[in-house]
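Just below is one structure, and these are the notes that go with it.
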Amino acid sequence: MTRPAKAPVAFVLIVTVINMLGVGLAWPILPKLVEQFTGGGVSNAAFIYGFIATAYAVAMFLFSPLMGALSDAFGRKPVLLISQAGLATDYLVMAFAPDIGWLVAARILAGILGATGATANAYMADISTPEDRSKNFGLIGAAFGVGFVIGPLLGGVLGAIDIRLPFLFAAVLIAANLLFGLIALPESLAPENRRTFVFSSANPIRAITRLTQFPLLYPLLAALLITNIAQRGLEAIWVLYTEFRFEWTVRDAGFSLAFVGIMFVLVQGVMVGPVVRRLGEWRTVMVGFCTSAIALASYGLATEGWMVYPLIAIHVTGNALAGPALSAICSKTVPADEQGLLQGTLSSLASLAIIIGPLAASMVLAAVSAPNSAINLPGAWFIFSAFLFAISALLVGAKLSRRPVRSG
């Protein structure tokens, strides 16, 4: 295979950055917009936002396999370009949404059209040589991190000017990338390599049933699921919680989320390899989960906004170290011919966490922030998340004491 041209690689990287940028832009803005529409304070906004976040996650969960199957049948380019056109339209709808109903519809559409990460990865695999594949997938990871850092920061800054301005900015970016793709993007999947589209291949429930294939991995998969539920819930309520607890503005929340992204990139890009070499994968997971549990409990008890930044550094370090190490352990525990099955299972668990976590966390925040609430514990979700991380550390520790890991 010849080396890929620069334009297709650039397009895939820009798609990745913009998709994550769009998520990050909306992150500090959507809860505030919901609050404006509902006019009922943090408690009511948290309740409604929980359902909006869940609808977005369910749409992504249901349509991710379909997007992948369509790209296998009809090519990567049309799926990527149609999704970009749809997302640009979607952000315009959110920018001018007149009521909460339009906002809900736009988020569901964003979930459907945002389920193209696998297609972007498949395109990169198609155009990469064996020698370049690892490097190019590393570029995708770096692009993801860039979008994760810039998105919340821009969302906070632009949202402080006008609550809807970040959506207009995202729409213009996506439209520009769509034009670039129409002009410069070749199709990567040759006709002879395409598969006939069948609806059974797009069934998301099939991924969940694969869990029965890995009985020896149940404790590790349970740890991955419940820590992801805790983390996705934390992300969903962050803006409303910091407003309720510390009286933060959109700008304040955007800067804190950008700091999360910076820490994530630093830890996963610099620290994971040296720490795993020094401690080993199992001890890295244990130390990471315990560190995050302590930070999360401290989040729940923090009384001043300035306390949040050092806790972000501690929690992100622990979680960003433990996640890759635990995934590597799972990978080593199954034979080579089941690796694809395992990765599909891990992806389905991540999707479940995105569905469960935001809804559960939003309901908890709605309860504790309600006027005259009987529960005087604003940081209840964070303390519950600390418990989930501690349980995960125990699950991993119990598995370590009972069963060796396969060497390859």
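- Residue M307 holds its CE atom at 10.0 Å from CG of L301, rounded to the nearest 0.5 Å.
- Between the N228 side chain and the Q231 main chain, no donor and acceptor come within less than 3.5 Å of each other.
- Nearest heavy atoms, Y241 versus P378: CE1-O, 3.2 Å.
- Checked by atom type and distance alone, the side chain of R164 pairs as donor or acceptor with a backbone atom of A97 at under 3.5 Å.
- The CG atom of L87 sits 5.0 Å away from atom CD1 of I174, with the distance rounded to the nearest 0.5 Å.
- Ring pair F96/F167: centre-to-centre distance not below 6.0 Å.
- The line from SG of C290 to CZ of F389 is 11.0 Å long, rounded to the nearest 0.5 Å.
- Minimum interatomic distance between F289 and A223 (heavy atoms only, all atoms of both residues): CE1-CB, 4.3 Å.
- Within the structure, every pair that satisfies the side-chain hydrogen bond (donor to acceptor under 3.5 Å, both in side chains) test and touches residues 285-296, not counting sequence neighbours, is listed here: S292-H315.
- Here the closest non-hydrogen pair linking V368 and L377 is CG1-O, 3.5 Å.
- Here the closest heavy-atom approach between residue A171 and residue A88 is recorded as CB-O, 3.7 Å.
- Under the salt bridge (charged side-chain N to carboxylate O under 4.0 Å, His left out) criterion, R232 pairs with E235, not counting sequence neighbours.
- For residues 245-264, every residue pair satisfying the side-chain hydrogen bond (donor to acceptor under 3.5 Å, both in side chains) rule, not counting sequence neighbours, is listed here: W238-S256, T249-D252.
- Remark: side-chain polar atoms of S362 are not paired, donor with acceptor, to backbone N or O of L359 under 3.5 angstrom.
- Counting all heavy atoms, side chain and backbone alike, A230 lies closest to W381 at O-NE1, 3.3 Å.
- We find the CE-CG distance between M94 and L103 to be 7.0 Å, quoted to the nearest 0.5 Å.
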